[in-house]
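Start at 1 and go down the list; that is how both ligands and their atoms are numbered.
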Amino acid sequence: MFFALLLQVGAIHSLYSQERTITNLTSGWKFHRGEDEKAYQSDFNDSKWESVSVPHDWAIYGPFDKEVDKQVVKIEQNMEEKATEKTGRTGALPFTGVGWYRTTFKYAGQSDKQLLLTFDGAMSNAKVYLNGELVGTRAYGYSYFYFDITNKVKKEGENVLAVRLENHPFSSRWYPGAGLYRKVQLIEKSKTSFKHWGHYITTPLVEEKVARVNIKSKVQGNDLRIETEIMDANNKVVASHEEATQFDDEFVQNISVSNPHLWSPEDPYLYQAKLKLYEGDELKDVQTIKFGIRSIEYTRDRGFVLNGTPTKFRGVCLHHDLGPLGVAINKAALKRQLTILKDLGCNAIRSAHNMPSLEQLELCDEMGFLFVAESFDEWKKPKVENGYNLYFDEWAEKDVVNLVQATKNHPSIVMWSAGNEVPDQWGNEGVKRAKWLQELFHREDPTRPVTVGMDQVKAVMESGFGALLDIPGLNYRVHLYEEAYDKFPQGFILGSETASTVSSRGVYKFPVEKGVMKQYEDLQSSSYDLEYCSWSNLPEDDFVLQDDKPWVIGEFVWTGFDYLGEPTPYDEFWPSRSSYFGMVDLAGIPKDRYYLYRSRWNTEDETLHILPHWNWKGREGEVTPVFVYTNYNTAELFVNGKSQGKVTKNDSTKQDRYRLRWMDVKYEPGTLKVVAYDDNGKAVAEKEIHTAGAPHHIELKADRTVLDASGNDISFVTATIVDEKGNPCPTADNRLNFKVSGEGAFRAVCNGDATSLEVFHKPTMKAFNGKLVILVQSGEKAGAAKLTVSGKGLKKATTTLEIK
Ligand code: GAL
């Protein structure tokens with residue numbers, strides 16, 4: 001098998017070098033859905049099982065099924081008073097039940113070597129067997145964990161690794177996914193070596209002329225010494241140090257770096273520490289760790305201070321699924337998400353409501369995002385019957401320790417979150433749990449503060465729960481910010497979760513008015529961005545707090561992207577199966593709301609966005625309001641050249657402070673044009689949209705046209721149905737078909753429609769409001785991959801990607 005060879009080559013290679021050998025267990029897995037009690041045994045015959053590669057999500061291939069994890073529940077945090085049937089709450093994809101994975105590898109390690117088996121996460125209730133023996137278990141699907149298998153691995157013949165996973169019904173409030181959805185690795189190193197997750201790099205002193213880099217390293221072995229080199233982003237050594245004093249199992253080094261280049265979201269500069277461990281003159285281990293030099297403080301007067309500069313969180317909450325890929329981690333998909341969020345002007349991410357993937361953290365370090373790494377959606381008190389409450393007593397400490405140990409060197413992480421809206425906000429036991437968890441985080445990492453996203457704001461003001469946290473995080477409850485600020489001692493408030501406004505891309509409802517839990521027959525929500533939930537609010541309710549209250553240190557909007565499951569306000573309506581909360585839809589296409597946030601968050605680029613679309617056959621002469629989301633304060637609107645007047649942002653309502661609105665426009669087909677003015681009254685920008693004719697052809701736009709021949713790079717190609725002149729057809733729902741030839745393959749497709757029951761992995765799908773996104777995956781050979789998109793009555797389109 002491919003990786004078995006690699007490991008053997010690695011093992012041979014390591015006779016000459018003491019570098020670690022890290023092998024990704026990617027290909028060559030066998031998978032089986034369902035129980036098989038003998039599957040842990042070495043000689044079990046898995047030849048009939050499906051061949052898969054890991055990361056793998058067994059549930060994303062569907063089919064969507066109303067009965068999967070159908071929950072008859074009263075969602076207390078949504079203020080529901082009686083239990084009702086909720087279909088699609090966890091995505092209606094078949095994630096429940098048992099799944100088995102098996103693979104084999106050869107290992108020829110020397111007796112002075114140690115072999116670790118690591119999992120970045122396994123969904124869930126993992127039982128790991130090697131050669132028929134149980135190696136260990138892990139309950140929580142989001143936890144990173146590893147086992148030392150040195151004494152269990154065979155040096156002759158094949159080693160058989162088997163993993164049993166089981167997801168219970170009623171165990172989640174969103175789509176959790178299923179399977180070995182993050183990477184699995186074998187790490188071979190010397191027995192005398194750095195411990196796993198053994199380095200802890202902090203920068204306790206950061207000044208213009210000098211920074212102190214403190215490196216604590218845990219080792220296995222005695223009488224050792226470390227040689228360290230600090231390298232800048234060009235791999236130039238900027239400082240070095242040798243340390244021979246070993247305190248028990250730890251080395252502590254303080255290394256000064258002159259004229260440090262600081263890490264920030266705007267300038268995510270990374271250094272590397274190359275650490276070499278010697279026993280006498282013999283090199284035993286080498287590790288290179290990326291880190292950033294940055295200082296963080298949270299102060300009463302200045303809020304969150306990054307490198308001396310007060311900084312507000314312009315953040316989004318993200319669930320871990322990647323839309324049509326499910327939860328199977330893919331770096332290209334994560335990078336695309338972050339690229340879209342960069343353009344939004346977003347500077348921060350909260351991993352709702354669990355440990356993020358390590359790939360996401362690496363990208364946030366590199367691309368510049370602040371990160372709130374969260375652990376749990378439940379503590380001891382349940383939200384769902386089989387949720388984390390079942391594991392809290394046994395696993396909470398271990399899970400928090402691993403979260404911090406595995407991720408603490410990421411400069412992007414600036415805060416830990418111990419929980420989200422935990423029902424333990426009620427009662428004294430919960431106060432004790434909050435204190436216990438916060439102290440655990442502090443014990444593992446004294447440099448970062450801890451928050452909890454709180455929705456029971458009255459209760460936590462009374463009980464002391466909110467007062468004891470480093471960072472009081474409020475979820476929604478905008479009307480209680482002032483009171484919480486007065487009552488809590490910290491001197492600031494974080495909007496740990498905000499808005500939960502709902503909309504469907506390209507859908508507009510009339511009359512245009514505010515609505516709470518508004519429902520329509522087509523199970524869509526209006527993109528006039530005026531609809532929200534009984535517990536939530538509109539974007540501007542947060543904007544005024546963010547702008548007018550200096551003690552509000554930022555917000556994390558629910559959510560950046562749509563996600564599978566939680567189809568509020570249609571939880572009780574089939575076939576809704578994914579969220580409406582995103583600023584960006586499930587396919588990764590921005591909704592209008594994206595531009596509302598962009599107009600205030602992206603301070604470098606112009607935003608001038610018109611809504612709705614202008615294809616309203618049958619509404620001729622009817623009032624069809626027009627909104628413009630822009631960073632300019634004033635604009636004038638024209639319908640077929642006729643001015644509809646100038647509008648300037650104003651304080652008459654919260655909406656009018658941030659949106660330009662023409663409420664009385666009467667629809668007539670043609671051209672809608674907006675001209676923006678600067679504050680001196682000079683016309684500085686304009687934009688127009690047109691009524692489209694009949695669908696005529698397809699336009700393709702790839703987010704990236706050159707892919708790595710890695711076998712798992714992905715280009716996201718947006719297909720837009722346009723009329724003869726190239727105007728987007730905003731209501732087209734033509735069925736499109738996809739073919740990929742050459743050195744790539746069709747991977748998946750998504751149209752962003754929360755009610756679509758078409759599976760993502762078949763090469764055909766209907767467009768939703770004129771668009772969809774096709775995922776083309778690279779092969780392992782250099783060359784070209786050609787995507788052809790066709791549809792009945794439409795001229796075909798092709799695009800060619802370079803694979804290298
Ligand atoms: C919050 C919760 C999130 C999500 C959101 C939807 O209360 O923390 O997980 O459910 O509501 O509005």
**Request:** Could you point out which residue of Pro569, Ser579, Ser536 forms a side chain to side chain contact (heavy atoms under 4.5 Å, CB included) with Val502?
**Result:** Pro569

**Asked** Hey, is ligand 1 close enough to Asp377 that some N/O pair sits below 3.5 Å?
**Response** no

**Message:** Taking distance alone, with N or O pairs closer than 3.5 Å, would you say Glu421 contacts ligand 1?
**Reply:** yes

**Prompt:** What protein heavy atom sits nearest atom 5 (C) of ligand 1, and how far off is it?
**Reply:** Glu497 OE2, 3.4 Å

**Prompt:** Which residue and non-hydrogen atom of the protein lie closest to atom 12 (O) of ligand 1, and at what distance in Å?
**Reply:** Ser500 OG, 2.6 Å

**Prompt:** Which residue and non-hydrogen atom of the protein lie closest to atom 10 (O) of ligand 1, and at what distance in Å?
**Reply:** Glu566 OE2, 2.5 Å

**Prompt:** What atoms of ligand 1 come within less than 4.0 Å of a heavy atom belonging to Trp558?
**Reply:** 3 (C), 4 (C), 5 (C), 6 (C), 9 (O)

**Request:** Please check if atom CD in Glu483 has more than 12 non-hydrogen atoms from other residues, nucleotides or ligands closer than 6.0 Å.
**Result:** yes

**Request:** Mark yes when over 12 heavy atoms from residues, nucleotides or ligands other than Glu385 sit less than 6.0 Å from its CD; otherwise mark no.
**Result:** no

**Request:** Could you tell me if any non-hydrogen atom of Thr568 lies under 4.0 Å from any atom of ligand 1?
**Result:** no

**Message:** I'd like to know if the side chain of Lys383 and the backbone of Arg173 have a donor-acceptor N/O pair within less than 3.5 Å.
**Reply:** no

**Asked** Does NZ or CZ of Lys342 come closer than 6.0 Å to the centre of the six-membered ring of Phe369, within 45° of the ring's axis?
**Response** yes

**Prompt:** Are the side chain of Tyr570 and the backbone N or O of Tyr520 linked by a donor-acceptor pair below 3.5 Å?
**Reply:** yes

**Asked** Hey, is the main chain of Ala352 close enough, under 3.5 Å, to the side chain of His319 for a donor-acceptor pair?
**Response** yes

**Asked** Among the heavy atoms of Trp174, does any lie under 4.0 Å from an atom of ligand 1?
**Response** no

**Asked** Does the N or O separation between His353 and ligand 1 drop below 3.5 Å for any pair?
**Response** yes

